[in-house]
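Below, chain A is the first sequence line, B the second, and so on; all start at residue 1. Note that the structure is a prediction, hence the values are computed from the model and not measured.
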Amino acid sequence: MDLSSLPGFRDFYPEQMALRKHIVAVWRSVAERYGFVEYDGPPLEPLDLYVRKSGEEIVGQLYRFTDQGGREVALRPEMTPSFARMVGARAGGLPKPIRWYSVPQLFRYERPQKGRLREHFQLNLDIVGESGDLADSEIVAAAIDMLRGFGLASEDFVARISDRGLVGGLLTAHGVSEAGLGPAFAALDKLDRESEDWVLERLQAAGASEEGARRLLHLAELELDELVAVAGDVPLVREAAARLGRVIQNLESFGLGAYVQFDPSLVRGLAYYTGTVFELWDRRGEFRAICGGGRYDQLLAAVGGPDLPALGFGMGDVVLGELLRARGLVPPEPSAIDDYIICVEPEQRALVLRLTHGLRDRGRRVAYDFASRSVGRQFKAANQAGAERAIVVGPDEAATGVALVRTMASGEEARLSIEKLLEA
RNA sequence: GUGGGCGUAGCUCAGUCGGUUAGAGCGCCAGGUUGUGGCCCUGGAGGUCGCGGGUUCGAUUCCCGUCGCUCACCCCA
């Protein structure tokens, strides 16, 4: 029988667990600095919760099964439906805007590859009930500050930002039909992966003329002000551009301008975004997107939640972990103990246990040798455990009540009363 | 779901043009005596050579299958 872990699932040995704890700790710290509160939902949900939102074709990518009660269930592949339900149940009574975050473990049934497993932890941070542009900048700023919290700077990553309304307005102005908007967004999203001809073809299939499609590709390379100069006579474009301009201006006021870059070719593949969209990318381009999000004003109502504007982002631990590793930003593993008590002879065992437990009661992390090995071996064990101090208890110490305390890093030794050690 | 690469010790790998008991470094454990770690020396444990089948006197080595890992595609919540 094969008892190894399932494909795409990870064993977290202490070394990996330390990195995971670090990542989650930074996420929580920054989220709470922004005034967000943490929530969580069930990892297992009714299958329908996801089918209703995304359609039947998504079912193949779900971890799903029938439980012993005959219920069709799925391991959660994303947090938004659960979030919508929870917010919906209490939205009426909550002061707006709602600022909630979560760090769920999510699952998908897909072939694992770089930066993509069948299981991962993903920070979800959302604001509900606010349609103003300050909420958009708040969300993007939080995402940027997450990466800053890991020690990454503006030369390491960039926040590419755009607006669905802006791009949608341009597409419409160039002949793309209402129904063609989704496919056209998806085509633009692939500009960096597919050939220009491929994208041109798709844009024309969505309703644009050949000339219109070419013009759109050209527009996708412009700066925001250039774009307004060229296409500002389209009301939708003018409004969305002005709003996006304010969002970017807010980020500059935060002092985060160096991290932000307008990118009209960024649209994100997902159909439900309605306004601001953004992604965080490694500047060297070695990894897939580190984080993505945006405004989804109609989604909550569409999945059975409240009819409230909302926006947020997700950031997974896999790509982020790879990036931190590659940049040498994984903090060293902290030592597990403070004091190692060395027992010289079996006669001192009881005193060693009393000292050990007394120090533990005071909050010290304490270990000692289970076997009666030589003092040299015990020092070696203290060293391996990364102990700050080794405390020797032998016949002399037992007789005088004064222990020998050796500071491992420096080798300095001092004699301290055992009673004193247990007080302080 | 499709295609490429790779599976030898806990880790990183060597090796075998088919041939006795499959190796190294690191790590781990134990010694280097009677109360002092890091360095050093000595010794030890640890491998169904991913698994199954085939060819052969003989397979870790060659062939087929399979599973796993990995990278890319598809897709991306």
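Here B:A72 presents its P atom at 14 Å from CD of A:Glu110, a figure rounded to the nearest Å. When rounded to the nearest whole Å, the span between OH of A:Tyr50 and P of B:C75 equals 23 Å. Rounded to whole angstrom, the span from the NZ atom of A:Lys190 across to the P atom of B:C75 amounts to 4 Å. Between the NZ atom of A:Lys114 and the P atom of B:U70 there is a distance of 12 Å, given to the nearest Å. One interatomic measurement links the two molecules: CD of A:Glu413 to C1' of B:G37, which rounds to 11 Å at whole-angstrom precision. A straight line from CZ of A:Phe9 to P of B:C69 spans 11 Å, rounded to a whole angstrom. Note: CZ (A:Arg415) to C1' (B:G35) measures 10 Å, nearest angstrom. Here the C1' atom of nucleotide B:C69 and the CZ atom of A:Arg10 are 16 Å apart, to the nearest Å.
A:Ile342 comes within contact range of no nucleotide atom at all, as no heavy-atom separation falls under 4.0 Å. Nucleic acid contact class of A:Gly411 (heavy atoms, under 4.0 Å, all strands): base.
Comparing the same atom, C1', in B:C51 and in B:G68 gives a spacing of 10 Å after rounding to whole Å. To the nearest whole angstrom, the two P atoms, one in B:U61 and one in B:C49, are 9 Å apart. Nucleotides B:C28 and B:G38 place their P atoms 12 Å apart, quoted to the nearest Å. Using C1' as the reference atom, B:G32 and B:C39 are 14 Å apart when rounded to the nearest Å. Between B:U8 and B:C69, the distance separating the two C1' atoms is 15 Å to the nearest Å. Nucleotides B:C62 and B:C26 have their P atoms positioned 30 Å apart, rounded to a whole Å. Rounded to whole Å, the P atom of B:A9 lies 29 Å from the corresponding atom of B:G1. Spacing between B:G5 and B:G23 at atom P, rounded to whole Å, works out to 31 Å.
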Report summary line: Reading nucleotides 26-34 of chain B from 5' to 3' and marking B where a protein heavy atom lies under 4.0 Å of the base, S where only the sugar-phosphate is that close, and - otherwise, the string is --SSSB---
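When each of A:Glu397 and A:Ala409 is assigned the nucleotide of RNA chain B with its nearest heavy atom, A:Glu397 is the one assigned upstream, toward the 5' end.
Residues A:Arg295 and A:Asp297 are paired through a salt bridge, judged by an N-O separation under 4.0 Å between the basic side chain and the carboxylate. Ionic pairing of A:Arg243 and A:Asp133 is not present here: no N-O contact between side-chain nitrogen and carboxylate oxygen is shorter than 4.0 angstrom. Note on A:Arg373 versus A:Glu345: no salt bridge recorded, every NZ/NE/NH1/NH2 to OD/OE distance being 4.0 Å or above. With respect to the salt-bridge test (charged N to carboxylate O, under 4.0 angstrom), the residues A:Arg406 and A:Asp339 do not qualify. Salt bridge A:Asp282/A:Arg327: present, at least one basic N to carboxylate O contact under 4.0 Å.
Residue A:Lys96 places its NZ atom among more than 12 non-hydrogen atoms of other residues, nucleotides or ligands, all under 6.0 Å distant.
Base pairing in RNA chain B gives the following stems of 3 or more Watson-Crick or G-U pairs, range against range and under 3.5 Å: B:1-7 with B:67-73, B:10-13 with B:23-26, B:28-32 with B:40-44, B:50-54 with B:62-66.
For the pairing with A:Tyr101, the side chain to side chain contact (heavy atoms under 4.5 Å, CB included) check across A:Asn124, A:Leu123, A:Asp126, A:Val37 returns one residue only, A:Leu123. Tested against A:Val26 for a side chain to side chain contact (heavy atoms under 4.5 Å, CB included), the candidates A:Ile23, A:Val24, A:Val30 yield a single pass: A:Val30.
A:Arg160 has its side chain within reach of A:Ser265: a pair of non-hydrogen atoms, C-beta onward, lies under 4.5 Å apart.
If you check the side chains of A:Thr407 and A:Glu412, you find no donor sitting under 3.5 Å from an acceptor. Under the 3.5 Å distance criterion, with hydrogens and angles disregarded, a donor-acceptor pair is assigned to the side chains of A:Glu119 and A:Gln105.
When distances are taken from the side chain of A:Arg116 to each of B:C69, B:U36, B:C75, the shortest belongs to B:C75. For A:Gln61, whose side chain is taken as the heavy atoms from C-beta onward, the closest listed nucleotide among B:G37, B:U70, B:C75 is B:C75.
The minimum heavy-atom distance between A:Ser82 and A:Tyr50, with the atom names listed, is OG-OH, 4.1 Å. Closest of all the heavy-atom pairs between A:Val176 and A:Ala184 is CG1-CB, 4.2 Å.
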Where do N or O atoms of nucleotides 1-5 of chain B meet protein N or O atoms at under 3.5 Å, pair by pair?
unit_1	atom_1	unit_2	atom_2	d
B:U2	O4	A:Arg111	NE	3.4
B:U2	O4	A:Arg111	NH1	3.1

